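Comments concern the structure below.
Only a predicted model underlies this, so the values are computations on that prediction, with no experimental measurement involved. Letters A, B, ... are given to chains in the order of the sequence lines, protein chains preceding strands, and every chain is numbered from 1.
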Number of protein chains: 2
Amino acid sequence: MSDFDVFLADCPARTTLSLVGDSWSVVVIVGLGERPMRYTDLRTRIGGISKKMLTQTLRRLSANGLVSRRASAEYCLTPLGESLLVPVRTLARWAEEHTEELLAAQDGTG
Amino acid sequence: MSDFDVFLADCPARTTLSLVGDSWSVVVIVGLGERPMRYTDLRTRIGGISKKMLTQTLRRLSANGLVSRRASAEYCLTPLGESLLVPVRTLARWAEEHTEELLAAQDGTG
DNA sequence: CAGGATCCTCGAAGATACTG
DNA sequence: CAGTATCTTCGAGGATCCTG
């Protein structure tokens with residue numbers, strides 16, 4: 001038994017992860033990790049996200065205490081949200097560093 | 001400009017992330033991170049994944065050089081896959097540590 | 001045992017139009 | 001500007017049956 005049973009079968013962590021697993025959640029969190037932003041700024045900054053999806057994602061993140069809304073519809077990360085930024089950035093860095101390897105694997109052994 | 005533009009708009013990293021963003025990919029990687037496993041073992045270990053999804057996920061991960069298949073359908077992580085294990089475990093740990101906070105936020109401010 | 005093929009459902013997500 | 005509401009499409013993914 002490893003200590004990563006946390007991920008397998010029916011466990012709260014897997015449920016929790018489904019929150020972040022959402023692609024849009026990740027970009028929103030990274031976006032707001034850069035700086036607090038207003039709705040439209042965020043939407044422009046992210047690019048390719050519909051109003052519906054942005055609203056929806058922000059609501060879900062708010063409902064889970066990761067994002068909070070300030071005056072004039074400016075959104076920012078909560079302390080909890082900022083703590084999430086750490087692992088998410090780790091993942092981002094990995095993606096950045098290994099994109100070429102993935103591409104190489106794709107046309108090679110893929 | 002932060003260095004996390006990597007995540008925003010149309011960038012390779014976001015594409016790369018979509019590979020891992022998949023919920024099943026994460027659990028498969030964590031599962032194989034524990035130890036190499038055969039198809040059925042892995043399926044039992046994960047729990048709640050259909051044969052279709054497991055096959056599909058394993059193929060995609062293989063096609064991207066994250067997983068390799070050995071004799072008798074035993075699957076294991078490649079070095080690239082193992083490198084991904086690092087950020088994924090960071091995320092797993094976060095999920096583990098903050099599940100209660102998320103739940104608290106849900107029935108409180110949610 | 002380890003899949004492949006097929007059918008079907010259900011929800012994610014875009015498009016569009018409207019509102020305070 | 002910052003959403004809300006509705007309609008619709010599209011594909012992820014489960015169920016089931018078949019195969020080497």
Of D/dC1, C/dG3, D/dG3, the nucleotide closest to the side chain of B/Thr55 is C/dG3

For the side chain of A/Thr40, starting at C-beta, report the closest nucleotide among D/dG3, C/dG3, D/dC1. D/dC1

Tell me the salt bridge (charged side-chain N to carboxylate O under 4.0 Å, His left out) pairs involving residues 52-62 of chain B, sequence neighbours left out? B/Asp22-B/Arg60

Atom CZ of A/Arg69 to atom P of D/dC1: distance rounded to whole Å? 14 Å

Specify the separation, in whole Å, of atom CG of A/Leu54 and atom P of D/dC1. 13 Å

What is the separation between atom CG on A/Asp41 and atom C1' on D/dA2, rounded to the nearest whole Å? 12 Å

Compare side-chain N and O positions of A/Arg38 against OP1 and OP2 of D/dA2 and report whether any pair is under 4.0 Å apart. yes

Check whether any side-chain N or O of A/Tyr75 sits under 4.0 Å from OP1 or OP2 of D/dG3, and answer yes or no. yes

By side chain to side chain donor-acceptor pair (under 3.5 Å), which residues pair with B/Ser50, not counting sequence neighbours? none

Provide, to the nearest angstrom, the distance between the CG atom belonging to B/Leu58 and the P atom belonging to C/dG3. 7 Å

Below the 4.0 Å mark, does D/dA2 have OP1 or OP2 next to a side-chain nitrogen or oxygen of A/Arg43? no

C/dA13 C1' sits how many Å from A/Ile46 CD1, rounded? 15 Å

Where along nucleotides 8-20 of chain D does protein come under 4.0 Å, by heavy atom, of base (B) or sugar-phosphate alone (S), with - for untouched nucleotides? -----BBB-----

Sequence-distant partners of A/Glu97, side chain to side chain donor-acceptor pair (under 3.5 Å), two or more places apart: none

Residues in ring-ring contact (aromatic ring centres under 6.0 Å, His included) contact with B/Trp94, at least two apart in sequence or another chain: B/His98

Indicate whether any N or O donor in one side chain lies under 3.5 Å from an N or O acceptor in the other, for B/Ser62 and B/Tyr75. no

Can you name the salt bridge (Lys or Arg N to Asp or Glu O under 4.0 Å) partners of B/Arg43, sequence neighbours left out? none

